[in-house]
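As a basis for the values below, the full set of heavy atoms in this structure was taken, side chains included, without hydrogen atoms, waters or symmetry mates. Predicted model only: the values in this text are computed from it and were never measured. The sequence lines fix the lettering, A, B, ..., with proteins before strands; numbering per chain opens at 1.
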Amino acid sequence: MRNCEKMDYQFKDIEKKWQQFWAANQTFKAENQSAKPKYYVLDMFPYPSGAGLHVGHPLGYIASDIFSRYKRLRGFNVLHPMGYDSFGLPAEQYAIQTGQHPAITTEANIATYRRQLDQLGFSFDWSREVRTSSPDYYKWTQWIFMQLFNSWYNKTDEKAESIEKLVAHFATNGSAGITAVADDEILTFTAAEWNAMSEEAQQTELLKYRLTYLRESTVNWCPALGTVLANDEVKDGVSERGGYPVEQKKMMQWSMRITAYAERLLQGLDNIDWPDPLKEMQRNWIGKSVGASVKFSIEGNTQQNIEVFTTRVDTIFGVTFVVLAPEHELVASLTTPDQKEAVEAYIAQTKKKSELDRMADTKSVSGAFTGSYVLHPLNGERIQLWIADYVLAGYGTGAVMAVPSGDQRDYLFAKHFNLPIIPILDTQNTEKEADATKEGKYINSDFIDGLEYKEATAAIVAKLEEIGAGKAKVNFRMRDAIFGRQRYWGEPVPVYFKNGLPYLINESELPLILPEIDKYLPTESGEPPLGRAEDWKYQNQYEYELSTMPGWAGSSWYWYRYMDAQNATNFASKEAVEYWKDVDLYIGGSEHATGHLLYSRFWNKFLKDIGLAVEEEPFKKLINQGMIQGRSSFTYRLNPLLLGIDDNFVKPEVYVSKGIYELYKEGDFDTIEQIALFYKDLLPEGAEVGEMDFSKLHVDVNIVSNDALDIAAFRTWRPDNNKAIFILEDGSVIYPADNAQNESKYICDVEIEKMSKSKFNVVNPDDLIERYGSDTLRMYEMFLGPLEQSKPWNTNGIEGVFKFLRKFWRLFHNEQWEFTVNDDAPTKAELKSLHKIIRKVEEDIERFSFNTSVSSFMIAVNELTDLKCNKRAVLQELVIILSPYAPHICEELWTLLGNEAGTLSYAAYPVFNPSYLVEDEFAYPISVNGKTRLNINMALTMEPKEVEALVLANPDVQKYLDGKTPKKVIVVKGRIVNIVI
RNA sequence: GCUCGGGUGGUGGAACUGGUAGACACGCAGGACUUAAAAUCCUGUUCGCCUUAAAGCGAGUGCGGGUUCGAUUCCCGCCCCGAGUACCA
């Protein structure tokens, strides 16, 4: 009789059992002190969306989990936490539509995420879970905001310092001796003047220095979402979320003085192990350019001048006109009466254009002459002052000195408006286009004639500084980050207003709890939703700030909260921060390149400046997992024009397989004929088939396997189509009454698209876990390809991994499914297989090549199966190596092997012994003129000379030599022999 | 336009610093077991030519060239796909 307890690999029972065990025993709880070295593995925490996880989301989590489990086995104290970035727009949009509080939606979504994450067997330390929307978390987000408000950036020391220190300086020395990153229009005053200022005046002045400050600025306003958006939340002129139009608007806004850290953010990139494309994106975003600012005085106006920024100050003698952005503040005052009409018309035209898509039109040249002239700072020549929309108000000073000989846009402009073009280098060719060369010697350039680029630049900067007309300057593209959102579902800003000025609430009053409101929409007067909160006043009299923090606030420091998640008195204890320091490995998507990852680095540097963080950079190593795209399946439905049919007739549904459709497409006459005849037979007497056509229809990928449609499942999926007829790949036909068992198949067409519900290409991990188990899913996701590569999801092939795990299970069992492992000494071949995999997996994990280690596991199990190996000495080691990948099955086997339950996660990792891999012989590939012809077994101890002699004496080799003497014989020991004839 | 990735069988992919291209899987074909199906196992599977077969020959990592005894790997030129970014002075 068969014993029911002894059965094939029962993944469902095993996985449930161990997930419960890990949770009950807190197996993965990390301690904040240890004799072991620390290792911090972080995943980008998810926004818990209503749709739950699809199969692409866990890719990075699986990789980080494998790495965490591996590091634990290698003797590290591993911190591997998880949480939720739970403030955000979708929950609020849902609240607007349904009236349900976003907290409730969020709670429900988190429950779904948690269930799905638990099913995958991740080794997270859930005791450290964080949620950015929970008051005991956002208390500290607000607290960090307060620290930023209370700090300014000292350029002399290159770090943030306390605002009190600045106030003390002002009180004793006035503004002298302070170099800060601050607003442009800061005052100059003496100590006495400062001390005489009113409270309001002092606060107004200090606001210009604070690292988070309130200022009127041009913002990206999204009317549909009713909020401002950061630059990185706007893509191609529309909002990243939802794709709504975005316009420019002036508003009083909280901003973060991230520009203070521009240089440090740039420098820091050199010292972190991040993917090059990502670093490059951050460099571009920061956009440092080194050059000079130059002042052009205005003819007949000694009060004002035009300041321009240039990266090629050496070309200054090539300047033939100066251009202002149409929005430049001096345009109106500098336009002469003659030109007024033309200039105003041009400004009107650009305004209209920018509302449409100005980006598309970069080729046409347009502009208008203001009628004014500026004077060249070095030779005093009169230069025309123009406006044109190719000059951007938001970059540099909104004005450029035009050098048509060296800049293509200036060149086109000069050609179009007939302005002079002066070459300034002897090697320059400006016949057809601008030539931006730095080679050669200067001409037409006054005192730099005959010099070369480097010396010329230095000479000009020196001269400009001497006469007070300019100076060397570094310009950054990066702007300060807008920090307010006119939304409900975010952290309240811990600020109230007195006499129109912002003040922080008391630290002891944190957290400032998000108040309840009746509707999640702006007020009638256009204030943010928080304006609806009743009796919500500071000390019952002062208005609170009504905007909330942006989505990136909570995620800019969360990795510190994980270090000490329960701490009620600090954002994290000093001991915890000093112990964990920084994140050793961070895994997540590259879509956060210029948002989260830049803001996090900024906050981290600030926290370091004020002594709360230890490291300058928060994330030592970062890996971007590739995006998982959808792989849609399609059916082709015949859609012919019918003649002689009355209106009530319902067309028969006929689907043709991909191959048949392709024959039809290629114009295969027989196929077309046969389909038409076939269809005609389905029609009533007298009807005719006219023009044939096909509709390409999405079909649920979950009822398609290896591109073959499960017809029975299709009839259930689409009950309205349950009478459909299918023409299969070989031309045979399945009618509704048929029991869909057939030699041939209905093959679907395939396309790669974004994964989305409407395309029926979403694959849910729950279904795959139900069918194959999470160990299989984990390994399959890794087996799919290199972690960093984007790839379409394709469930074809998951069977192979499932088979592998069953084969692995079988290694430990006899034919009757009884656990059978013996203590015999392993053979040489068994040890070789084992140590091959020990080395391979170690190498693969260290370089994050998880797909190749899955292959290697398959090879090892295939080899050991062939060797009929069931020896503990080999198998127990193999269980440890495989456990990071397939933890459940390995835990089960580990206990079956007689070990204490739960000890596998901290077992001793097998040590690679190279002596087991030493070979005596090697089958040398023998190639003739680079083409491999045969293999000859030779001892590896043989010296190249002996190998050569032996090879040349070989009769098979002689055949190839054909009596000739080889010109040359290359012998690479242990590798190859190449004979050149 | 610029900056990064990337082009290898029917498919996903492997090949670490130049050394037997196609590991490992999927799929497909054939076979065993079975009343049958599922499951399982075995064999074959880059393409082309030739052969009854064994074997043999030729081509082959987007295209064209180069360096080298030897190139998927290095260099030059070009084509295609993907991502990011863009009047940035």
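Comparing B:rA89, B:rC24, B:rU20 by their nearest atom to the side chain of A:Leu392 picks out B:rA89. With B:rA89, B:rU20, B:rC57 as the candidates, the nucleotide lying closest to the side chain of A:Ile976 is B:rU20.
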Practice prompt. Using Watson-Crick or G-U wobble pairs with both distances under 3.5 Å, give me RNA chain B in dot-bracket, 5' to 3', with [ ] for crossers and | for pairs to another strand.
Written response: (((((((..(((......[....)))((((((.......))))))((((......))))..(((((..]....))))))))))))....
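The stretch residues 274-284 of chain A touches RNA chain B through A:Pro277, A:Glu280, A:Met281, each having a heavy atom within less than 4.0 Å of the strand.
Remark: the separation of the P atoms in B:rA29 and B:rC79 is 42 Å, to the nearest Å.
The residues A:Asp410 and A:Lys415 are annotated as not salt-bridged, no charged nitrogen and carboxylate oxygen being separated by less than 4.0 angstrom.
Judged by the 6.0 Å and 45° rule, A:Lys438 forms a cation-pi pair with A:Tyr453.
For B:rA14, one of the phosphate oxygens OP1 or OP2 lies less than 4.0 angstrom from a side-chain nitrogen or oxygen of A:Asn851. Residue A:Lys807 places none of its side-chain N or O atoms closer than 4.0 Å to OP1 or OP2 of B:rU40.
Between the side chain of A:Asn796 and the base of B:rC26 there is no donor-acceptor pair of N/O atoms closer than 3.5 Å.
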What are the atom names and distances for every N/O pair under 3.5 Å that joins the protein to nucleotides 72-75 of chain B?
none

Taking only distance into account, with no hydrogens and no angle test, what donor-acceptor pairs under 3.5 Å do side-chain atoms of residues 969-981 of chain A form with protein atoms, sequence neighbours excluded?
residue  : atom : partner  : partner atom : Å
A:Lys973 : NZ   : A:Glu943 : OE2          : 3.4
A:Asn978 : OD1  : A:Ser927 : OG           : 3.2
A:Asn978 : OD1  : A:Gly930 : N            : 3.1

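With sequence neighbours excluded, the residues forming a ring-ring contact (aromatic ring centres under 6.0 Å, His included) with A:Phe922 are A:Tyr924, listed by chain and number.
Identified under the salt bridge (charged side-chain N to carboxylate O under 4.0 Å, His left out) test for residues 777-796 of chain A, with sequence neighbours left out: A:Asp65-A:Arg778.
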